Amino acid sequence: MADRKFSKDHEWVEVAGDTATVGITDYAQGQLGDVVFVELPTVGKKLAKGDNAAVVESVKAASEVYTPVTGDVTEVNQAIVDDPKASDETKYEAR
Amino acid sequence: MSAVETGLARTPLHDLHLELGARMVPFAGYSMPVQYPAGVLKEHQHTRMAAGLFDVSHMGQVRLDGAQAAAALETLVPVDVLGLPAGRQRYAVFTNDAGGILDDLMIVNAGDHLFLVVNAACKAQDLAHLRARLEPAVTVTELADRALLALQGPAAAEVFLRLAPAAAGMKFMDFRTLEVAGIPGFASRSGYTGEDGFEISVPAARAVELARALLAEPEVAPIGLGARDSLRLEAGLCLYGHDIDRTTTPVEAGLLWSISKRRRQEGGFPGDERVRLQIAHGPSRKRVGIKPEGKAPAREGTDILTVGGELIGKITSGGYGPSVGGPVAMGYVTAANAKADTPVRAMVRGQALPARVAALPFAPHRYHRS
């Protein structure tokens, strides 16, 4: 069973085999408030630990999301790019 | 950590904000509600659909007394104060000798005195400026023991008239002394959202009572500074320290409409020469709306380039417009690029995102002019 680890910047990562799923915590998205824009990395992008992987924006501010692990992006949660307001119910994933 | 421990001032409604579940943030030295549990998006939309109640008690309320107060004030602002009729309010700016803007404010002719409302962040500086230039012929009094509330939205008038029947017949920028919910105060029909509404001054001791009376009305919801900012941005209204500051003249900022013909011709305010020259020859840069074409907001500090990559300006306010349903921004560009629909690029996170110069406002004003 994958177990979830948390970074100092409110990201979480769940590792299963050679796939890591990265998201932001419920606390972080609550602090952000209404999400109006999400930018996710392109599939295939190579990310090193600590790189800026994504951006989540509220009405007032843009928040960078850093990847806590090194890897290649294999999948992103397109649903929250298309409908940012749904992000308070779902979490973005980069495997 | 309480507001007192962090060194922040409190408005008379501070405890009410906490009771309403507000998230408090520091703003201009005050602990202020940035949002309530509804959130910025819903608070913004509520204001454009019904009536939003804002605590703006952090702003400075100042009274000028003296037979020559209007003439004296004209030495500090480029607007027509002598011709401002009793019971009317006018938008103005304090200028410096370079024609730059020291603050923007509202000036009211209250009959036997002038009443000014200035920005919280500039309050101390504005009072010092007024005192240094106008005393002792004019008495400058800070009305520190008063609260200021703003009720804004298409339902604001219906609500306000219920609680203040003496407001009947007020038009946009009218000012009256009257009772609201039995509380003595004064109000102008104006605001910072682009919507119809009222700004109401009452003694600090009666502020909570007034706020509760207004919040008891079914159309009214409390609105924080987060939505106040997105509302005024959509309305194309300047925020001092961002869209206007000491480096911007009223001509560059597109505020020429506030400078009457007489004042343009006669001058007599700081920076009048620079303003006169800019009116004659056109300013080298202009404040414009910037509409990103994609979904990504372009925020304050973002460089604006031509399609060819030449730097032509910067965004001074930007974010997401809930009523527009997309990103909106304001900034300055060189005069040659200031026409509406001019294609530009906004440098966001290293990418040149397509955008266009846009006429302001993004959300149409709905002032009650007649």
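Because only heavy atoms are used, hydrogens play no part in the values below, and waters and symmetry mates are left out as well, while side chains stay in. Chain letters run A, B, ... following the sequence lines, proteins first and then strands; every chain starts at 1. Just so it is clear, the model here is predicted, and its values are computed rather than measured.
Of the possible donor and acceptor atoms, none in the side chain of Asp51(A) sits under 3.5 Å from a partner among the backbone N and O of Ala53(A). Checked by atom type and distance alone, the side chain of Trp12(A) never pairs as donor or acceptor with a backbone atom of Lys5(A) at under 3.5 Å. Checking side-chain atoms of Lys46(A) against main-chain N and O of Gly71(A) turns up no donor-acceptor pair under 3.5 Å. Looking at Tyr30(B), its side chain never comes within 3.5 Å of a backbone N or O of Ala120(B) through a donor-acceptor pair. Between the side chain of His14(B) and the backbone N or O of Met32(B) there is no donor-acceptor pair closer than 3.5 Å. Within the 3.5 Å criterion, the main-chain N or O of Ala79(A) finds a donor-acceptor partner in the side chain of Asn77(A).
Neither side chain, Arg10(B) nor Ser31(B), offers a donor N or O lying under 3.5 Å from an acceptor on the other. Glu199(B) and Ser190(B) are linked by a side-chain donor-acceptor pair at a separation below 3.5 angstrom, with hydrogens and angles left out of the test.
With sequence neighbours excluded, no residue satisfies salt bridge (charged side-chain N to carboxylate O under 4.0 Å, His left out) with Asp34(A).
Look at Asp196(B) and Arg366(B) and you find no salt bridge, because none of the NZ, NE, NH1 or NH2 atoms lies under 4.0 Å from a carboxylate O. A salt bridge does not link Glu43(B) to Arg23(B): none of the charged side-chain nitrogens sits closer than 4.0 Å to a carboxylate oxygen.
Atom CG of Asp82(A) has more than 12 heavy atoms from other residues, nucleotides or ligands within 6.0 Å. The environment of Gln351(B) atom CD is sparse: at most 12 non-hydrogen atoms of other residues, nucleotides or ligands sit within 6.0 angstrom.
Within the 4.5 angstrom heavy-atom criterion, atoms from both the backbone and the side chain of Ala62(A) approach chain B. For Val81(A), the part lying near chain B is the backbone, with the side chain staying farther off; criterion is any non-hydrogen pair under 4.5 Å.
Interface residues of residues 50-58 of chain B toward chain A, defined by a heavy-atom distance below 4.5 Å: none. At a heavy-atom separation below 4.5 angstrom, chain A is approached by Asp229(B), Ser230(B) within residues 229-241 of chain B. Contacts of residues 296-307 of chain B with chain A at a heavy-atom distance below 4.5 Å involve Ala296(B), Pro297(B), Arg299(B), listed in sequence order.
You'll find the side chain of Lys49(A) stays beyond 4.5 Å of the side chain of Pro68(A), heavy atoms only.
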